[in-house]
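Bear in mind that the values here come from a model prediction, so they are computed numbers and not experimental data.
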Amino acid sequence: QVQLVESGGGLVQPGGSLGLSCAASGLSSGTYQMGWFRQAPGKEREVVGFMGWTTGRTTYTNSVKGRFTISKDDAKSTLYLRMSSLKPEDTAVYYCAAKRSFYFTILEPDYWGQGTQVTVSS
């Protein structure tokens, strides 16, 4: 059974930094991508960025390029999202997600984390 357990999040001032973690279990074999989505109040869920777990290749949505970084720890089966230069518009519930696919995509993930709130406010 696949489980994605997120941690981190919270309240941060504009311009500050914050980190999220996503510990995965049950994804020990196969080709898959892991990444982060977010959903702000009244808006649709959007992809923040994702990584090919085997290749380490990453991609980000334009609004976070240069500010957010996705990394991983293979030994801990954990995905990270480091967010810096945070803006109020980054406020959202952030979700970890995983998709089993040979192709470099995370559309329509197979698995989701529970979500964690990130609030950027002074």
Side-chain angles (χ1 to χ4, degrees):
Q1 183 178 357
V2 175
Q3 283 191 316
L4 304 178
V5 179
E6 300 166 18
S7 60
L11 174 64
V12 62
Q13 292 186 343
S17 299
L18 201 62
L20 304 180
S21 301
C22 175
S25 59
L27 282 173
S28 58
S29 63
T31 303
Y32 54 93
Q33 282 66 239
M34 285 189 68
W36 298 90
F37 287 71
R38 68 184 180 184
Q39 187 166 21
K43 295 187 177 181
E44 293 187 355
R45 193 174 297 187
E46 64 171 352
V47 177
V48 174
F50 64 95
M51 169 184 281
W53 191 259
T54 302
T55 65
R57 175 185 175 187
T58 56
T59 189
Y60 302 89
T61 192
N62 286 337
S63 62
V64 308
K65 284 181 180 177
R67 301 189 298 121
F68 290 13
T69 302
I70 293 173
S71 61
K72 65 183 175 83
D73 185 326
D74 288 309
K76 296 181 179 180
S77 296
T78 299
L79 186 76
Y80 301 98
L81 179 66
R82 181 64 180 174
M83 303 178 287
S84 60
S85 301
L86 282 160
K87 305 174 182 179
E89 51 263 43
D90 294 317
T91 295
V93 178
Y94 284 70
Y95 298 89
C96 176
K99 181 175 179 67
R100 292 191 184 276
S101 175
F102 176 80
Y103 300 103
F104 188 60
T105 178
I106 203 165
L107 293 179
E108 299 181 351
D110 299 305
Y111 311 103
W112 291 95
Q114 78 278 12
T116 185
Q117 177 70 44
V118 172
T119 302
V120 184
S121 176
S122 55

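Within the 3.5 Å criterion, the main-chain N or O of Arg100 finds a donor-acceptor partner in the side chain of Asp110. Side chain of Tyr60 to main chain of Ile70: a donor-acceptor pair is present (N/O by atom type, distance under 3.5 Å, no hydrogens or angles). Within the 3.5 Å criterion, the main-chain N or O of Glu89 finds no donor-acceptor partner in the side chain of Thr91. Gln33 places no side-chain N or O within 3.5 Å of a backbone atom of Pro109 that could act as its donor or acceptor partner.
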After noting the C-alpha distance and the side-chain angles of Glu108 and Lys99, does the key distance pass the salt bridge (charged side-chain N to carboxylate O under 4.0 Å, His left out) rule?
CA-CA 7 Å; Glu108 299 181 351; Lys99 181 175 179 67; 5.3 Å; no

If you apply the rule ring pair (Phe, Tyr, Trp, His ring centres under 6.0 Å), what do you find for Trp112 with Phe37, and how did you get there?
CA-CA 10 Å; Trp112 291 95; Phe37 287 71; 4.8 Å; yes

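Under the 4.5 Å side-chain contact rule for hydrophobic residues, Leu81 and Tyr111 share a cluster. With hydrophobic clusters built from ILVMFWY side chains whose heavy atoms lie under 4.5 angstrom apart, Val93 does not share a cluster with Val120.
Nearest heavy-atom pair across Leu86 and Met83 is CD2-CB, 3.7 Å. Between Gln39 and Lys43, the closest heavy-atom pair is NE2-O, 3.1 Å. Residues Arg38 and Ala92 approach most closely at CB-CB, 3.8 Å, considering heavy atoms. Smallest separation of non-hydrogen atoms from Pro14 and Ser122: CD-N, 3.6 Å. Closest approach of Leu27 and Tyr32 over heavy atoms only: O-OH, 2.6 Å. A pairwise comparison of heavy atoms in Ser71 and Met51 identifies CA-CE, 3.8 Å as the closest pair.
Partners of Lys72 under the salt bridge (charged side-chain N to carboxylate O under 4.0 Å, His left out) rule, at least two apart in sequence or in another chain, are Asp74. Annotation: side chain to side chain contact (heavy atoms under 4.5 Å, CB included) contacts of Thr116 (sequence neighbours excluded): Glu6, Leu20, Tyr94.
Atom OG of Ser63 sits about 7.0 Å away from atom CG of Asp90, to the nearest 0.5 Å. Considering OG of Ser101 and CG of Leu107, their distance stands at 9.5 Å, rounded to 0.5 Å. With rounding to the nearest 0.5 angstrom, the CZ atom of Arg67 is 4.5 Å from the NZ atom of Lys87. The distance from atom CG of Leu4 to atom OG of Ser25, rounded to the nearest 0.5 Å, is 7.5 Å.
The aromatic rings of Phe50 and Phe104 sit tilted relative to each other, their planes meeting at an angle between 30° and 60°.
Pairs engaging residues 51-122 under the disulfide (SG to SG under 2.5 Å) rule: Cys22-Cys96 [sequence neighbours left out].
Between Leu11 and Thr119 there is a side-chain heavy-atom pair separated by less than 4.5 Å. Contact of the Trp36 side chain with the Leu79 side chain is registered, since non-hydrogen atoms from C-beta on lie closer than 4.5 Å.
For the pair Arg45 and Tyr95, the cation sits on the ring face: its NZ or CZ lies under 6.0 Å from the ring centre, inside 45° of the axis.
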